[in-house]
Chemist: 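Starting off with a structure, shown below.
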2 protein chains.
Amino acid sequence: MTDDTTPIWLRPERAAVGRPAERTRAEITAAAIAVADRGGPDAVSMRNIADELGTGPASLYRYVGGRDDLLDLMVDATAAEYRLDPPTGDHVRDLVAVAEQARSIMLRHPWLPELVLTRPVLGPCTLDVLDHVLEALADHPGDGRTKLEIFALLNAIAATFALNELAAGNRAERAAAYLGHIAAAGERPRITALWDELTAPNDDSDDRRAERLAALVSSLLQ
Amino acid sequence: MTDDTTPIWLRPERAAVGRPAERTRAEITAAAIAVADRGGPDAVSMRNIADELGTGPASLYRYVGGRDDLLDLMVDATAAEYRLDPPTGDHVRDLVAVAEQARSIMLRHPWLPELVLTRPVLGPCTLDVLDHVLEALADHPGDGRTKLEIFALLNAIAATFALNELAAGNRAERAAAYLGHIAAAGERPRITALWDELTAPNDDSDDRRAERLAALVSSLLQ
DNA sequence: CGAGTTCGCGAACAGTGTTCTCAAACTCTA
DNA sequence: TAGAGTTTGAGAACACTGTTCGCGAACTCG
């Protein structure tokens, strides 16, 4: 029972007998999130998390199968930050609300978009969100597969928006440097024109972004 | 000149004087892609790539700033696999063609979706694709920012589709295991219903997937 | 009280990306 | 042709990673 292939959410946290545990899975997850929020995605190492808790790396393995489990726990823990108000009956509006929350949660945790995009986490909290989306789409045409796909794409879109706003540090700067170089060469008129637009004073308002996000989400439902 | 912040695409590959190089940046990139195709994303280590070339890890640093540069080169190299036919005048059709190619390229290189989603690579080959998209959208309303966003989302959507089809190995199986467990508990009717639909015999055809992808891409243009 | 179980965690291991270093290999100049 | 100058190749080493082993300590149960 509870072999290696069992997902973390089903593995029992503690035994009832023997020496009592000094920590909780939730505590460790919280420490990991704190480390990631402070030091970026690369800082999430077993050593750093253990240091945050004032213990050794080996201790963590009593609570968690390994680093991968811990990352899953972190992602699912952030899903608890959603406020899932009862559906209004307006499909688009309800889904946009979820997408906006996804975006702002990801902005709060800059390491999150990368993880959400890469690994298909479906823990208890994430499942609550999925359930909420299914509820909002209850009387919407389309089978379950399609609705699950809508959920995945909603996350992907929100993550893309968040990554854009986070600007991804010097990585994006390098890409911009190359784009500028090509634009300056002037051999590709379309690229040059694009570059000029991008470097022009940015009058992008929050409203425009919100509108764009809403338009995309609403288009998911067609 | 050519300090550390210069993007790889602008750093000169070789010097004209001194001992001649035995390898090429392109050769190393190809070796890295071969390793990744064969052994999955985790196999892309400097050691493995060096072994593939019959040399030591340290040698690679003469051609490439580090692992990150190499990953960028890999991603951009795959962008050379696009066939960029001249635009037909039908915006939707042209963009769908690009998205379909993105998907099939990613299926050929299972390690690609993860990288594409995570890092905003804009090398020469990727820039060709962007230029092609801009050409296809030349007479489409919307500013450059919007069109760049369309390009990013097109990639994200294609990557999401590819990841879905690749099924992501035992990671997805674990998520499914948990979903099945919750469904069996029967406390959440919507989740149980969804699970029943997912485990029912899968009559999903390629046509349905293509239709769905086309619908999403076309909705990007509204 | 003693048996049985579990926890904490220092120490060690295999693997990683990266840098240092210096001999070898080449081009250019005299 | 001899020598100076420059660049490459790559072994060895470093700092770091995730992970496992083992054992003493801490607790529950009979």
Side-chain angles (χ1 to χ4, degrees), chain A residues 1-5 8 11-29 31-32 35-36 39-74 111 115 118-119 171, chain B residues 1-5 8 11-29 31-32 35-36 39-74 111 115 118-119 171:
Chain A
M1 239 53 76
T2 74
D3 53 272
D4 308 358
T5 70
I8 263 276
R11 248 172 288 166
E13 172 149 7
R14 312 280 53 203
V17 77
R19 177 174 168 177
E22 295 181 6
R23 268 168 278 272
T24 323
R25 220 179 253 173
E27 275 177 33
I28 293 181
T29 306
V35 168
D42 297 339
V44 185
S45 75
M46 302 302 262
R47 252 86 168 182
N48 285 349
I49 298 170
D51 283 353
E52 177 87 7
L53 291 165
T55 178
S59 308
L60 305 179
Y61 289 82
R62 293 275 170 196
Y63 300 85
V64 158
R67 200 180 107 104
D68 263 22
D69 277 351
L70 196 41
L71 293 179
D72 284 351
L73 286 170
M74 290 169 69
W111 45 270
L115 291 187
T118 321
R119 55 185 58 210
R171 169 152 245 81
Chain B
M1 236 56 75
T2 73
D3 52 87
D4 308 358
T5 70
I8 239 280
R11 249 172 287 165
E13 171 150 8
R14 315 278 50 207
V17 76
R19 174 172 170 178
E22 295 181 6
R23 268 167 278 273
T24 324
R25 220 179 252 171
E27 275 176 33
I28 294 181
T29 307
V35 168
D42 297 339
V44 185
S45 76
M46 302 303 259
R47 252 88 168 179
N48 284 351
I49 298 170
D51 284 352
E52 176 89 5
L53 291 164
T55 177
S59 309
L60 305 179
Y61 289 83
R62 294 278 169 194
Y63 300 84
V64 158
R67 201 181 106 104
D68 264 22
D69 276 352
L70 196 40
L71 293 179
D72 284 351
L73 286 169
M74 290 169 67
W111 44 271
L115 292 186
T118 320
R119 53 184 62 210
R171 170 151 244 82

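Since the structure is predicted, the reported quantities are computational estimates derived from the model, not experimental observations.
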Chemist: Assign A:Ala21 to base, sugar-phosphate, or nothing according to its heavy-atom contacts below 4.0 angstrom with the strands shown.
Modeler: sugar-phosphate
Chemist: Write down the atom of B:Met46, the atom of B:Gly66, and the distance for their closest heavy-atom approach.
Modeler: CE-C, 4.1 Å
Chemist: Please compare B:Pro57 and B:Glu13 by the position of their nearest nucleotide in DNA chain D and report the one closer to 5'.
Modeler: B:Glu13
Chemist: Look at all strands and tell whether B:Ser45 reaches a base, only sugar-phosphate, or nothing, counting heavy atoms closer than 4.0 Å.
Modeler: sugar-phosphate
Chemist: Between atom CD1 in A:Ile49 and atom P in C:dG8, what is the gap in whole Å?
Modeler: 16 Å
Chemist: Would you sort out whether A:Glu22 and A:Thr55 count as a side chain to side chain contact (heavy atoms under 4.5 Å, CB included), showing the intermediate values?
Modeler: CA-CA 11 Å; A:Glu22 295 181 6; A:Thr55 178; over 6 Å; no
Chemist: So, for A:Ala26 and A:Glu13, which heavy atoms are closest and what is the spacing to 0.1 Å?
Modeler: N-OE2, 4.4 Å
Chemist: Mapping A:Arg62 and A:Asn48 onto DNA chain D by nearest heavy atom, which one lands closer to the 5' end?
Modeler: A:Asn48
Chemist: Among C:dT27, D:dG18, C:dG8, which nucleotide sits nearest the side chain of A:Met46?
Modeler: D:dG18
Chemist: Check whether A:Arg62 reaches the backbone of A:Arg23 with its side chain - one donor and one acceptor, N or O, closer than 3.5 Å.
Modeler: no
Chemist: At under 4.0 Å, does any side-chain N or O of B:Ser59 touch on OP1 or OP2 of D:dG9?
Modeler: no
Chemist: Determine the contact category for B:Val64: base if any of its heavy atoms lies under 4.0 Å from a base atom, sugar-phosphate if only primed atoms, P, OP1 or OP2 are that close, otherwise nothing.
Modeler: nothing
Chemist: Take atom CZ of B:Arg23 and atom C1' of C:dC26, then tell me their distance rounded to the nearest Å.
Modeler: 16 Å
Chemist: Please tell me which of the listed nucleotides, C:dC9, C:dT5, D:dA10, lies nearest to the side chain of B:Ala58?
Modeler: D:dA10
Chemist: Shortest non-hydrogen contact from B:Arg25 to B:Ile8?
Modeler: NH1-O, 3.3 Å
Chemist: Would you please enumerate the stems DNA chain C participates in, each stem being three or more consecutive Watson-Crick or G-U wobble pairs with both distances under 3.5 Å?
Modeler: C:1-30 with D:1-30
Chemist: Out of B:Val64, B:Leu73, B:Ile49, which one pairs with B:Thr29 under the side-chain contact (heavy atoms from CB on, under 4.5 Å) rule?
Modeler: B:Leu73
Chemist: Compare the minimum distances between each of D:dA13, D:dT19, D:dT7 and the side chain of B:Arg47, then state the nucleotide with the smallest one.
Modeler: D:dA13
Chemist: Quick one: side chain to side chain contact (heavy atoms under 4.5 Å, CB included) partners of B:Ala43, sequence neighbours excluded?
Modeler: B:Val35, B:Asn48
Chemist: Write down the distance between OH (A:Tyr61) and C1' (C:dG10), rounded to a whole number of angstrom.
Modeler: 15 Å
Chemist: Measure OH/A:Tyr63 against C1'/C:dC9 and give the value in whole Å, please.
Modeler: 11 Å
Chemist: For A:Arg19 and D:dA26, give me the distance from atom CZ to atom P, rounded to whole Å.
Modeler: 6 Å
Chemist: Write down the atom of B:Ala50, the atom of B:Pro57, and the distance for their closest heavy-atom approach.
Modeler: CB-N, 3.6 Å
Chemist: May I have the distance from A:Glu22 (atom CD) to C:dG8 (atom P), rounded to whole angstrom?
Modeler: 5 Å
Chemist: Whole Å only: how far is the CG atom of A:Leu70 from the C1' atom of D:dG18?
Modeler: 12 Å
Chemist: So what does A:Arg67 touch, heavy atoms closer than 4.0 Å: a base, only the sugar-phosphate, or nothing?
Modeler: sugar-phosphate
Chemist: For the pair made of CG in A:Asp42 and P in D:dG18, what is the distance, rounded to whole Å?
Modeler: 11 Å
